[in-house]
Amino acid sequence: MRTVYVNGDYLPEDQAKVSIFDRGFLMADGVYEVTSVLGGKLIDFDGHAVRLARSLKELEMANPVTKDELLAIHRELVTVNGIEDGMIYLQITRGSPGDRDFVFPDPEQTPSTIVLFTQNKPGMADSPVATTGLKIISIEDIRWGRRDIKTVQLLYPSMGKMMAKKAGVDDAWLVEDGFVTEGTSNNAYIVKNGKIITRALSSDILHGITRAAVLRFAAEAQMEVEERNFSIDEAKDADEAFVTSASAFVMPVVEIDGVALGDGTPGKVAPRLREIYLDESRKAAV
Ligand code: PDD
């Protein structure tokens, strides 16, 4: 049984409780972060803490913890749960005002709710899928317009994964006005003639922490990067494609809407970036 964190307490998972009036439950009025653990250490912790603070600020939600407290909680959960490789899920909601109301409660009277729990994934960096690659489909992006805020409104991304599953593939890329925004739970990239192409940052996509690190490592390795929109047709004609996220790191994509990319294998750029990302982020882990 896991030990989880709820509003200041470390508890066995079956004793951790949140009110039925919690706005996270009633209104999806909450934000979250997923931080990876490799070798018992946190990957890109600073980036996740900074993005969390930004998500809270954008939603005028109180931050119940300092960055140092957050780090201490993450570390304690890794230790007490004996996590070598895996993830830490963190969620903060606008709390429980004791009733349902569209109007935000006064933060002085209604403190935020904060919960964290671990997910144990032994050997997660050695996933065999990284050597075969993902198959994806494209679907329409009908999410709200502030995808830069990491909210818990994950119904459509979840439906997107189900559409992928029903189509017999691994995941879906979301398309808006003819251009790919991102994956259901990752940022999307294509590679053409050695150049890495990915959508520029805006409120249309989540500002991936893994994306920021990978683009920095790509530039340091003298790889060419272009931040611009690309269509599904351009993606189908690419030499390679891949996605990035805290849980998948860098993951090659080998098929889009039934069309194999290049020779249908992960190619050169994505596997190389995965190797660099894993090496460098393990070195910088805390
Ligand atoms: N998802 N885009 C979306 C829509 C995401 O949900 C995620 C992360 C990313 C990648 O962001 P990062 O590199 O910071 O993980 C991009 C997490 C992992 C999840 O929901 O489980």
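In each ligand, atom 1 is the first atom listed, and ligand 1 is the first ligand listed.
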**Prompt:** Which option out of Ile209, Val214, Val250, Asn187 puts a heavy atom nearest to atom 12 (P) of ligand 1?
**Reply:**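 Comparing heavy atoms across Ile209, Val214, Val250, Asn187, the nearest one to atom 12 (P) of ligand 1 lies in Ile209.
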Quick one: nearest non-hydrogen protein atom to [atom], plus distance?
{"atom": "atom 13 (O) of ligand 1", "value": "Thr210 OG1, 2.6 Å"}
{"atom": "atom 21 (O) of ligand 1", "value": "Val34 CG2, 3.7 Å"}
{"atom": "atom 18 (C) of ligand 1", "value": "Ser247 OG, 3.7 Å"}
{"atom": "atom 17 (C) of ligand 1", "value": "Lys150 NZ, 3.5 Å"}
{"atom": "atom 2 (N) of ligand 1", "value": "Glu182 OE1, 2.7 Å"}
{"atom": "atom 6 (O) of ligand 1", "value": "Ser185 CA, 3.4 Å"}

**Asked** Between the side chains of Asp257 and Ser138, is a donor N or O closer than 3.5 angstrom to an acceptor N or O?
**Response**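 Yes, side-chain donor-acceptor contact under 3.5 Å.
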**Message:** Just by distance, no angles: are the side chains of Asp68 and Thr66 close enough, under 3.5 Å, to form a donor-acceptor pair?
**Reply:**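 No, because no side-chain N or O of Asp68 sits under 3.5 Å from a partner of the opposite role on Thr66.
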Quick one: which ligand 1 atoms are inside 4.0 Å of a heavy atom on [X]?
{"X": "Gly208", "value": "11 (O), 12 (P), 13 (O), 14 (O)"}
{"X": "Arg51", "value": "11 (O), 12 (P), 14 (O)"}
{"X": "Thr184", "value": "4 (C)"}
{"X": "Ala246", "value": "12 (P), 13 (O), 15 (O)"}
{"X": "Thr244", "value": "10 (C)"}

Should the pair [X]-[Y] be classified as a salt bridge under the 4.0 Å nitrogen-to-oxygen rule?
{"X": "Glu255", "Y": "Lys236", "answer": "no"}
{"X": "Lys150", "Y": "Glu58", "answer": "no"}
{"X": "Glu33", "Y": "Arg51", "answer": "yes"}

**Request:** Over 60° means perpendicular and under 30° means parallel, so classify the ring planes of Phe242 and Tyr189, tilted if in between.
**Result:**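 Correct class here is parallel.
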**ligand 1 contacted by His207 (non-hydrogen, < 4.0 Å)** =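 No; His207 lies far enough from ligand 1 that no heavy-atom distance drops under 4.0 Å.
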**Message:** Please determine whether any non-hydrogen atom of Tyr32 lies less than 4.0 Å from an atom of ligand 1.
**Reply:**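 The answer is yes, since Tyr32 has a heavy atom less than 4.0 Å from ligand 1.
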**Which segment of Leu154 sits under 4.0 Å of ligand 1 when only heavy atoms are counted** =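 Under 4.0 Å from ligand 1, Leu154 contributes no heavy atoms.
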**Message:** A side-chain contact here means heavy atoms from C-beta on lying under 4.5 Å apart; do Leu261 and Ile256 qualify?
**Reply:**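 Counting from C-beta outward, Leu261 and Ile256 do come under 4.5 Å.
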**Prompt:** Excluding sequence neighbours, so at least two apart, what forms side-chain hydrogen bond (donor to acceptor under 3.5 Å, both in side chains) with Lys17?
**Reply:**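 Once residues adjacent in sequence are excluded, Lys17 has no partner under the side-chain hydrogen bond (donor to acceptor under 3.5 Å, both in side chains) criterion.
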**Prompt:** Can you name the side-chain hydrogen bond (donor to acceptor under 3.5 Å, both in side chains) partners of Glu13, sequence neighbours left out?
**Reply:**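 side-chain hydrogen bond (donor to acceptor under 3.5 Å, both in side chains) check on Glu13 returns Arg2.
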**Message:** Taking the ring of Tyr89 and the ring of Tyr32, is the distance between their centroids below 6.0 Å?
**Reply:**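 Under 6.0 Å, so yes.
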